[in-house]
Amino acid sequence: MPHSEPIKAVRGMRDILPDERRFWRAAENAAREVTGRFGYEEIVTPIVEPAELIERAGDDSDAFVKEVYRFVDRGDRRVALRPEATAGVVRAYFEHGLDKGPQPSRLYLLGPMFRYDRPQKGRYRQFFQLDVEAIGSASPALDVEVIELARDWLHRIGLRDLRLELNTIGDSKCRPAYLELLKEYFRPVKEKLSRDSQQRLERNPLRLLDSKAVEDAPHKMGAPRITDHLCDDCARHWELVQRLLNSANIAYELNPYLVRGLDYYTRTVFELFPGGRGGQQDALGGGGRYDGLAEAEGWASTPAVGFASGLDRVTELLATTDKGAATQPVAEVVVLPDGDLQLEAAEVARICRKARSTVVDYDSARFTSKWRLAEKAGARWVVLMRPGEAARRVARLREVASRTDTEVRWEELPARLA
RNA sequence: GUGGUCGUGGCUCAACGGUUACAGCGCUCGGUUGUGGCCCGAGCGAUGUCGGUUCGACUCCGACCGAUCACCCCA
């Protein structure tokens, strides 16, 4: 009888095993701690959103049409798995009247996102993000606040060597004119540009700036810079962001080629990288201002700024940085029944759990094996049980480190383990 | 989605196209031990899948699947 093929995880989806999971826990705990310290409150939004919400937030960009998981549900609704958190958070902010409350709303969200990309290290089809949003304020101080929060979080989990790249991309007042300037600049040399860049020239000239194609490099250098063509409001905002960063003692590098492809992004954009050099998939997080998104979703025009970071990448980096960390003990107490004492062992374990984490070895036939299990579990105490003693409701408590045995009545175990 | 590299037990890895696919870690069982760590012994467990070339394929070829790198995109 032939076995059918064993079923494996879907491509791009992965399991987080206990050994790795402890890094996730550290990252999540730090996230909750740091967001709390900044007064950000947790929000949970659905993984499934109306496809139209995602599409409006994604414009008609290639990335969104190709990468979004979309399907029609049983009620003929067109839905999508969220590729990022912001669109849903902004929807929830308006749908539940958070825009009527004190402004800005400071929110954070932890959860899975989905993108139908080609998987690679640090890039998965299901990945987890910490997402932080401050919605309802145009203050440049909030741009810096989310950057500072992101930096503090990464510092707290031990990632101290970071590089912050920063840029501004103007807004709907000044960017259109700048884009025209860009097009005028590149048109004469269009034939010399890479194929991709030639296509982007008319449709999305901003993206031409972050092209990695070598043929584009010489032309990029002389291109007009947005920072020379900002409107007064954007220039003032840009100036303030930098002054605030300086006074917060946050180092940054200006990267005039750091852009966002979508129209609703405005002004500040930033990305965080690990120090030193890494692969291409090494951005730990990024964000910026998106004053145009609320309107794109059909709500009242509302300024906002946010940040998102990939937990998969952060924890992968943590694991390489922190590789010496000892694995956590599974339990502090191991109960070893010698003989047919399952009921009694279960009861003793129940008693021990009042004081300490406890596991029972119900399986090993051999006493030596039981001891080996206790060793591997990293237990501090072993509770030995034998039929004669169990009948008297006593057990022997052994402290592993000092190798000392004491006969203890079951009821006294919690006190002795405290 | 495009191009490159790679795919041997749970992990790390060995095998000129030729016996029964090497070993360590691991896991199970046992010995030893002052009831446990060390040590000793036995056992478990693999050529991603399908097809092709060949007397013979882990090895060569193709497709698929998966991983990885770059592009793309970004987290």
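Within every chain, numbering begins at 1; the chains are lettered A, B, ... in the order of the sequence lines, protein sequences first and strands thereafter. All values below come from the heavy atoms of this structure, side chains included, with hydrogens, waters and symmetry mates left out.
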Task: Toward the 5' end of RNA chain B, by each residue's nearest nucleotide, A:Tyr116 or A:Glu271 - done: A:Tyr116
Task: Side-chain ion pair, A:Glu28 and A:Arg25, N-O less than 4.0 Å - done: no
Open item on the list: Does A:Glu41, at its CD atom, have more than 12 non-hydrogen atoms belonging to other residues, nucleotides or ligands within less than 6.0 Å?
Closed with: no
Under 3.5 Å between N/O atoms: give me all the protein pairs with nucleotides 3-12 of chain B, atom names plus distance.
residue: B:G3; atom: O6; partner: A:Arg118; partner atom: NH2; Å: 3.4

- [ ] Name the residue closer to the 5' end of RNA chain B, choosing between A:Trp371 and A:Gly310 according to the nucleotide with the nearest heavy atom.
- [x] A:Trp371
Task: Residues forming a ring pair (Phe, Tyr, Trp, His ring centres under 6.0 Å) with A:Tyr257, sequence neighbours excluded - done: none
Task: Flag for A:Glu145-A:Tyr40: side-chain donor and acceptor within less than 3.5 Å - done: yes
Open item on the list: Please report the distance, rounded to the nearest Å, between CG in A:Asp117 and P in B:G1.
Closed with: 11 Å
Open item on the list: Does A:Asp143 form a side-chain hydrogen bond (donor to acceptor under 3.5 Å, both in side chains) with A:Thr268? I'd like the steps, not just the answer.
Closed with: CA-CA 7 Å; A:Asp143 303 26; A:Thr268 315; 2.5 Å; yes
Task: B:A67 phosphate, OP1 or OP2, under 4.0 Å from A:Gln120 side-chain N/O - done: no
Open item on the list: So, under a plain 3.5 Å distance rule, would you say the side chain of A:Arg207 forms a donor-acceptor pair with the base of B:C72?
Closed with: no
- [ ] State the dot-bracket string of RNA chain B. Criteria: Watson-Crick or G-U wobble, both atom distances under 3.5 angstrom; notation: ( ) intrastrand, [ ] crossing earlier pairs, | interstrand, . unpaired.
- [x] (((((((..(((.....[....)))((((((.......))))))...(((((..]....))))))))))))....
Open item on the list: Between A:Tyr93 and A:Trp299, is the ring centroid distance below 6.0 Å?
Closed with: no
